[in-house]
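See structure below.
Bear in mind that the values here come from a model prediction, so they are computed numbers and not experimental data.
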Amino acid sequence: MKIQIINGPNLNLLGQREPGIYGSEAFETYLSELRAWYPNIEIGYFQSNVEGELINKMQETGFFGDCDGIVLNAGAYTHTSVALQDCIRSLRCPVVEVHISNVHQREEFRHKSMISCACMGVICGFGLDSYRLAIEAFIARRG
């Protein structure tokens with residue numbers, strides 16, 4: 001099984017940025033743990049602050065590639081990007097939208113996702129563990 005994790009804007013600052021919301025662990029540290037928990041799954045990782053680069057990576061892995069699923073934390077683009085929604089709809093593999101914080105406990109503008117309607121599911125509010133839960137959803141689906 002191949003899973004691609006894609007993180008959007010400002011998620012390169014995890015562990016340093018607003019630790020009260022996002023925690024104090026760097027994503028690279030958590031990624032090492034994920035790979036150790038799932039040694040039989042090839043887990044790729046990509047992060048960009050640029051919307052077009054996120055789309056390029058999703059197309060590369062989810063349309064032209066042989067990825068079984070994409071775990072996408074689109075960051076702030078979640079609330080604004082029709083382009084990401086269109087891309088997700090075009091993919092040959094499912095996408096799970098994840099968020100570290102519970103976006104529904106935050107500012108009103110974060111309550112609306114432009115991408116949820118194109119995703120297999122949404123996981124939010126479980127900290128970095130949201131990524132593990134998304135991987136578990138792909139495993140259960142493959143069953």
Side-chain angles (χ1 to χ4, degrees), residues 1-81 83-85 87-89 91-143:
M1 179 177 265
K2 291 183 180 181
I3 303 293
Q4 178 69 46
I5 296 173
I6 299 177
N7 276 344
N10 300 307
L11 292 166
N12 57 311
L13 300 177
L14 285 176
Q16 302 167 20
R17 171 185 170 225
E18 300 180 88
I21 295 173
Y22 301 107
S24 58
E25 185 174 13
F27 192 80
E28 290 73 14
T29 303
Y30 182 72
L31 181 60
S32 294
E33 294 171 10
L34 272 180
R35 287 176 172 154
W37 290 333
Y38 300 101
N40 296 325
I41 298 176
E42 183 180 323
I43 301 174
Y45 177 61
F46 179 79
Q47 187 280 326
S48 179
N49 295 319
V50 179
E51 183 178 30
E53 291 178 4
L54 299 174
I55 291 168
N56 288 342
K57 189 63 174 182
M58 284 194 290
Q59 289 179 355
E60 173 191 319
T61 57
F63 188 84
F64 298 109
D66 59 352
C67 188
D68 296 299
I70 295 173
V71 178
L72 174 64
N73 185 339
Y77 290 134
T78 299
H79 317 291
T80 62
S81 183
L84 286 177
Q85 180 191 125
C87 177
I88 294 165
R89 289 185 188 281
L91 300 178
R92 294 184 172 143
C93 71
V95 175
V96 173
E97 174 186 347
V98 301
H99 299 283
I100 296 166
S101 67
N102 182 347
V103 294
H104 302 288
Q105 292 179 333
R106 298 186 61 197
E107 304 92 338
E108 183 70 29
F109 72 88
R110 294 186 196 276
H111 298 185
K112 173 68 176 161
S113 169
M114 296 297 291
I115 64 173
S116 293
C117 61
C119 292
M120 179 177 89
V122 179
I123 300 169
C124 71
F126 294 98
L128 290 176
D129 210 32
S130 295
Y131 295 88
R132 183 190 60 78
L133 294 170
I135 291 170
E136 287 291 331
F138 287 124
I139 291 169
R141 184 172 193 232
R142 191 171 202 193

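Remark: Glu33 CD is packed, more than 12 non-hydrogen atoms of other residues, nucleotides or ligands lying under 6.0 Å away. The local environment of CZ in Phe126 is sparse, with at most 12 non-hydrogen atoms from other residues, nucleotides or ligands closer than 6.0 Å.
For the atom pair OH of Tyr77 and OG of Ser113, the computed distance is 15.0 Å after rounding to the nearest 0.5 Å. If you take CE on Met58 and SG on Cys93, they are separated by 9.5 Å, rounding to the nearest 0.5 Å. In this structure, CG on Leu133 lies 9.5 Å from CD1 on Ile135, to the nearest 0.5 angstrom. In this structure, the separation between OH on Tyr45 and NZ on Lys57 is 12.0 Å, given to the nearest 0.5 Å. With values rounded to the nearest 0.5 angstrom, Glu60 atom CD is found 8.5 Å from Ile6 atom CD1. Rounding to the nearest 0.5 Å places CG of Leu11 at 4.5 Å from CG of Asn73.
Ring geometry for His99 versus His79: interplanar angle under 30°, hence parallel rather than tilted (30 to 60°).
With respect to Ile88, the side-chain contact (heavy atoms from CB on, under 4.5 Å) criterion is satisfied by exactly one of Leu72, Ile55, Ile70: Leu72.
Heavy atoms only, all atoms of each residue included: Ser130 and Val98 are closest at O-CG1, 3.8 Å. For the residue pair Leu54 and Phe46, the shortest heavy atom distance occurs at CD2-CE2, 4.2 Å. Of all non-hydrogen atoms in Lys2 and Cys67, the two that sit nearest each other are O-SG, 3.6 Å. The two atoms that bring Pro9 and Ala76 nearest to each other are CG-N, 4.2 Å, heavy atoms only.
Side-chain contact between Asn12 and Phe27 is absent, with no heavy atoms from C-beta onward closer than 4.5 Å. Counting heavy atoms from C-beta on, the side chains of Ile100 and Tyr131 come closer than 4.5 Å. Using a 4.5 Å heavy-atom threshold, the side chains of Leu34 and Ile5 count as touching.
Judged purely by distance below 3.5 Å, without hydrogens or angles, the side chains of Glu97 and Thr78 never pair a donor atom with an acceptor atom. Judged purely by distance below 3.5 Å, without hydrogens or angles, the side chains of Gln4 and Thr61 never pair a donor atom with an acceptor atom. A donor atom on one side chain and an acceptor atom on the other are found under 3.5 Å apart for Gln47 and Asn49.
Under the 3.5 Å distance criterion, the side-chain polar atoms of Arg92 are matched with a main-chain donor or acceptor of Phe63. Side-chain N or O atoms of Asp68 include none that pairs as donor or acceptor with a backbone N or O of Ile3 at under 3.5 Å.
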Decide yes or no on side-chain contact (heavy atoms from CB on, under 4.5 Å) for Ile41 and Phe138, but give the supporting numbers first. CA-CA 11 Å; Ile41 298 176; Phe138 287 124; over 6 Å; no
